[in-house]
**Student:** 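Before I ask anything, here is the structure I am working with.
Start at 1 with the first residue, then count along the sequence.
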Amino acid sequence: MRVELKSQPLYNQNGKARALDLHLANGIVQTPVFMPVGTQGCIKGLDSYDLQTHLDSKLILANTYHIYLRCGAERKESCAGQIGAIQKLKTLGGMRKFANFNGNYLSDSGGFQAFSLGKNAKLYDYGVEFKSHIDGSKHIFTPQKVLDIQYALNSDICMVLDDLIGLPAPIERLKQSIHTTIRWARESLKYHLAQKMENPTNHIFAIIQGGTDTSLRKICAIELAQMQEFDGYAIGGLAVGESAKEMYETIESTTEFMPPHKPRYLMGVGTPENILEAIALGVDMFDCVMPSRNARNATIFTSQGKLNIKTSSFGLDTRPLDEECDCYVCKNYSRAYLHHLYRSREITYHRLATIHNLYFYLNLTRKARQAIIDGNFLAYKAQTLSKMANPKNV
């Protein structure tokens with residue numbers, strides 16, 4: 001993967017904020033970038049047309065754990081016969097062909113879901129053993145296996161298996177986490193390089209752990225940065241119980257030791273405020289279920305802050321969801337109509353609200369990129385955060 005800083009002088013003028021081009025097999029991804037989360041291989045309520053036409057999304061996230069389990073062994077009486085998930089995904093042509101999405105995919109390793117959703121999950125030196133939350137069947141994720149699943153998905157960016165824990169956590173558990181994460185990263189990279197001829201367009205990112213302990217984050221980041229064949233590096237294990245202040249301090253202390261010429265991905269974060277603050281600290285890539293999940297629960301993101309569309313005051317409001325937004329929904333529908341759809345429990349509400357919220361997030365990072373290039377990112381950040389914190393006439 002070839003990564004380019006748009007301009008070194010512009011980079012310096014905006015502190016740590018960066019504008020990069022990620023050259024992937026299915027198009028260039030410009031950063032900062034927000035990746036919509038397609039847990040089961042799709043964004044709930046949307047299809048590939050929505051992603052490409054209404055959102056113009058170039059990179060989305062697919063979840064290895066969920067797709068692996070859902071595409072696993074079929075019932076014998078089914079037309080497909082009994083076939084493993086990896087072979088099935090290969091037979092179907094990978095995620096892109098399966099879902100008819102012409103952009104790029106990033107897939108996570110599934111380790112977090114194995115621990116948080118899998119029953120009686122156990123950590124071993126060789127990987128994670130867990131029981132499916134769907135049918136109780138037993139499975140093992142190893143550094144090699146999760147890459148094989150992601151190769152079958154034909155992901156443009158594959159995440160390595162790491163040892164993620166919730167916070168707060170005892171210092172000994174945090175130390176164990178970074179040592180396991182580093183060891184699995186080394187095993188993953190060795191396996192990936194051996195498979196490179198068969199999977200030339202599949203890139204690999206390492207994940208930095210360490211909780212909010214800056215000394216452990218430094219150790220983990222330096223160790224992983226020495227494995228120079230990684231195509232990018234992620235900051236994992238945040239937004240799992242720590243305060244926003246702790247999160248920002250951890251990000252700032254971690255990016256200091258991340259390779260400046262490789263993309264930086266903050267996993268599972270977060271609010272619009274979180275994203276802008278992290279961009280200012282040198283992060284390039286983001287994902288979060290918040291815009292789509294909140295949309296389904298009546299929360300709409302706007303330039304003036306959040307609004308709750310189920311509130312009765314919107315029943316006769318003919319304004320768009322956000323008067324500063326030019327998404328498909330804001331161009332064509334009113335707050336009153338979205339309010340009506342939500343209160344009527346119409347499935348169309350979920351689609352329209354999700355399109356708007358995702359567009360808001362994507363546009364937030366696109367505007368951030370332009371501000372970085374123009375040399376005024378810090379002013380853009382301050383103005384955007386001020387408007388969201390002090391809404392007028394929402």
**Student:** Between Thr311 (side chain only) and Ser313 (backbone N and O only), is there a donor and an acceptor less than 3.5 Å apart?
**Tutor:** no
**Student:** Just so I know, are the side chains of Ile157 and Asn104 near enough to count as touching, which here means a heavy-atom distance under 4.5 Å?
**Tutor:** no
**Student:** Between Thr64 and Ser109, is any pair of side-chain heavy atoms under 4.5 Å apart?
**Tutor:** no
**Student:** Hydrophobic clusters join Ile, Leu, Val, Met, Phe, Trp and Tyr when side-chain heavy atoms are under 4.5 Å apart, directly or via other members; which others share one with Ile219?
**Tutor:** Ile165, Leu167, Ile171, Leu174, Ile178, Leu216, Val240
**Student:** Quick check on the 6.0 Å ring-centre criterion: do Phe314 and His339 meet it?
**Tutor:** no
**Student:** Could you tell me if the ring centre of His66 sits under 6.0 Å from that of His133?
**Tutor:** yes
**Student:** Would you call Asp284 and Lys262 a salt bridge, taking side-chain N to carboxylate O under 4.0 Å as the test?
**Tutor:** no
**Student:** Where the side chain of Asn363 meets the backbone of Tyr359, is there a donor-acceptor pair that is under 3.5 Å apart?
**Tutor:** no
**Student:** Using the test ring pair (Phe, Tyr, Trp, His ring centres under 6.0 Å), find all partners of Tyr105 that sit at least two apart in sequence or belong to another chain.
**Tutor:** Phe101
**Student:** Can you check whether Thr318's main-chain N or O pairs, donor with acceptor, with Arg335's side chain at less than 3.5 Å?
**Tutor:** no
**Student:** Ignoring hydrogens and geometry beyond distance, is a side-chain donor-acceptor pair present between Asn26 and Asp156 at under 3.5 Å?
**Tutor:** yes
**Student:** Could you tell me which non-hydrogen atom of Tyr191 sits nearest to which non-hydrogen atom of Asp148, and how far apart they are?
**Tutor:** OH-OD1, 2.7 Å
**Student:** For Glu129 and Lys138, indicate whether the former's side chain and the latter's backbone hold a donor-acceptor pair under 3.5 Å.
**Tutor:** no
**Student:** If hydrophobic clusters are built by linking Ile, Leu, Val, Met, Phe, Trp and Tyr wherever their side-chain heavy atoms come under 4.5 Å apart, do Leu51 and Ile28 end up in the same one?
**Tutor:** no
**Student:** Do Phe257 and Ile251 sit in one hydrophobic cluster, given that two such residues count as connected whenever their side-chain heavy atoms are within less than 4.5 Å of each other, even indirectly?
**Tutor:** no
**Student:** Would you say Arg18's side chain and Pro32's backbone share a donor-acceptor pair under 3.5 angstrom?
**Tutor:** no
**Student:** Does any part of the side chain of Ser344, heavy atoms only, come nearer than 4.5 Å to the side chain of Tyr349, both counted from C-beta?
**Tutor:** no
**Student:** Could you state the interatomic distance from CG (Leu89) to CE (Met95), rounded to the nearest 0.5 Å?
**Tutor:** 7.5 Å
**Student:** Given a cutoff of under 4.5 Å between side-chain heavy atoms of I, L, V, M, F, W and Y, with clusters grown through shared members, what are the other residues clustered with Tyr126?
**Tutor:** Tyr124, Ile140
**Student:** Start with the C-alpha distance between Arg70 and Ile134, add both sets of side-chain angles, then the distance that settles side-chain contact (heavy atoms from CB on, under 4.5 Å), and finish with yes or no.
**Tutor:** CA-CA 9 Å; Arg70 294 293 183 183; Ile134 300 169; 3.6 Å; yes
**Student:** Taking only residues two or more places apart in sequence or in another chain, which ones pass side chain to side chain donor-acceptor pair (under 3.5 Å) with His139?
**Tutor:** Tyr68, Ser137
**Student:** Before giving the answer on side-chain contact (heavy atoms from CB on, under 4.5 Å), spell out for Leu147 and Ser188 the whole-Å C-alpha distance, their side-chain angles and the decisive distance to 0.1 Å.
**Tutor:** CA-CA 8 Å; Leu147 285 178; Ser188 299; 4.0 Å; yes
**Student:** Can you pull out every side-chain hydrogen bond (donor to acceptor under 3.5 Å, both in side chains) where at least one residue sits in residues 160-183? Sequence neighbours excluded, please.
**Tutor:** Asp162-Gln209, Asp163-Arg173, Arg173-Gln176
**Student:** How many angstroms lie between atom SG of Cys327 and atom CG of Leu321, to the nearest 0.5 angstrom?
**Tutor:** 7.0 Å
**Student:** Can you list every salt bridge (Lys or Arg N to Asp or Glu O under 4.0 Å) pair that touches residues 375-386, not counting sequence neighbours?
**Tutor:** Glu277-Lys381
**Student:** Before you tell me yes or no, could you show the steps for Arg264 and Leu266 under side-chain contact (heavy atoms from CB on, under 4.5 Å), namely the whole-Å CA-CA distance, both residues' side-chain angles and the distance that decides it to 0.1 Å?
**Tutor:** CA-CA 7 Å; Arg264 300 165 177 171; Leu266 179 59; over 6 Å; no
**Student:** Are any of the side-chain heavy atoms of Pro259 and Phe230 separated by less than 4.5 Å?
**Tutor:** no
**Student:** Other than Phe112, which residues form its hydrophobic cluster under the rule that side-chain heavy atoms must be closer than 4.5 Å?
**Tutor:** Leu164
**Student:** Examine His54 together with Tyr49 and report whether their ring centres are nearer than 6.0 Å.
**Tutor:** yes
**Student:** Please report the interatomic distance OG(Ser107) to CZ(Phe205), rounded to the nearest 0.5 Å.
**Tutor:** 11.0 Å
**Student:** Give a yes or no on whether the backbone of Asn274 and the side-chain of Thr271 come within a donor-acceptor separation of less than 3.5 Å.
**Tutor:** yes
**Student:** Tell me which pairs pass side-chain hydrogen bond (donor to acceptor under 3.5 Å, both in side chains) where either residue lies in residues 214-230, with sequence neighbours left out.
**Tutor:** Asp213-Ser215
**Student:** Between Val160 and Trp184, is the side-chain contact (heavy atoms from CB on, under 4.5 Å) condition met? List the steps.
**Tutor:** CA-CA 8 Å; Val160 302; Trp184 283 354; over 6 Å; no
**Student:** State, with a plain yes or no, whether a side-chain heavy atom of Asn308 is found less than 4.5 Å away from one of Lys306.
**Tutor:** no
**Student:** Could I get the full list of salt bridge (Lys or Arg N to Asp or Glu O under 4.0 Å) partners for Lys387, not counting sequence neighbours?
**Tutor:** Glu324
**Student:** Given side chains that start at C-beta, do those of Ile275 and Tyr361 come closer than 4.5 Å, heavy atoms only?
**Tutor:** yes
**Student:** What are the two closest heavy atoms between Leu338 and Ala353, and how far apart are they?
**Tutor:** CD1-N, 4.2 Å
**Student:** Which atoms form the tightest heavy-atom contact between Asn102 and Gln52, and what is the distance?
**Tutor:** N-OE1, 2.9 Å
**Student:** According to salt bridge (Lys or Arg N to Asp or Glu O under 4.0 Å), who are the partners of Asp50, at least two apart in sequence or on a separate chain?
**Tutor:** Arg351
**Student:** Ignoring hydrogens, what is the shortest heavy-atom contact between Arg369 and Thr31? Give both atom names and the distance.
**Tutor:** NH1-O, 2.8 Å
**Student:** Check whether Thr302 reaches the backbone of Asp322 with its side chain - one donor and one acceptor, N or O, closer than 3.5 Å.
**Tutor:** no
**Student:** Compare all side-chain heavy atoms of Gln304 with those of Glu323 and state whether any distance is below 4.5 angstrom.
**Tutor:** no
**Student:** Which atom names give the shortest non-hydrogen contact between Ile149 and Phe141, and what distance separates them?
**Tutor:** CD1-CE2, 3.8 Å
**Student:** Among residues at least two apart in sequence or on other chains, which ones pass side chain to side chain contact (heavy atoms under 4.5 Å, CB included) with Lys58?
**Tutor:** Val29, Asp56
**Student:** Could you tell me if Tyr265 and Asp287 have a donor-acceptor pair between their side chains, going purely by distance under 3.5 Å?
**Tutor:** yes
**Student:** Are Leu55 and Val289 connected, step by step, through hydrophobic side chains (Ile, Leu, Val, Met, Phe, Trp, Tyr) whose heavy atoms are closer than 4.5 Å?
**Tutor:** yes
**Student:** Leu92 versus Lys97: any side-chain heavy-atom pair under 4.5 Å?
**Tutor:** no
**Student:** Determine the minimum heavy-atom distance between Gly111 and Leu161, stating which atoms define it.
**Tutor:** CA-CD1, 3.8 Å
**Student:** Between His350 and Arg345, is there a donor-acceptor pair closer than 3.5 Å when you use the side chain of the first and the backbone of the second?
**Tutor:** no
**Student:** Using 0.5 Å steps for rounding, measure from the OG1 atom of Thr250 to the CD1 atom of Ile208.
**Tutor:** 12.0 Å
**Student:** Thr255 side chain to Leu281 main-chain N or O, any donor-acceptor pair under 3.5 Å?
**Tutor:** yes
**Student:** Report the distance from atom CG of Asp108 to atom CD1 of Ile207, rounding to the nearest 0.5 Å.
**Tutor:** 8.0 Å
**Student:** Go through the structure and list residues passing ring pair (Phe, Tyr, Trp, His ring centres under 6.0 Å) with Phe98, not counting sequence neighbours.
**Tutor:** none
**Student:** Under 3.5 Å, is there a donor-acceptor pair between the side chain of Ser253 and the main chain of Glu249?
**Tutor:** yes
**Student:** Roughly how far apart are Lys367 NZ and Ser303 OG, rounded to 0.5 Å?
**Tutor:** 7.5 Å
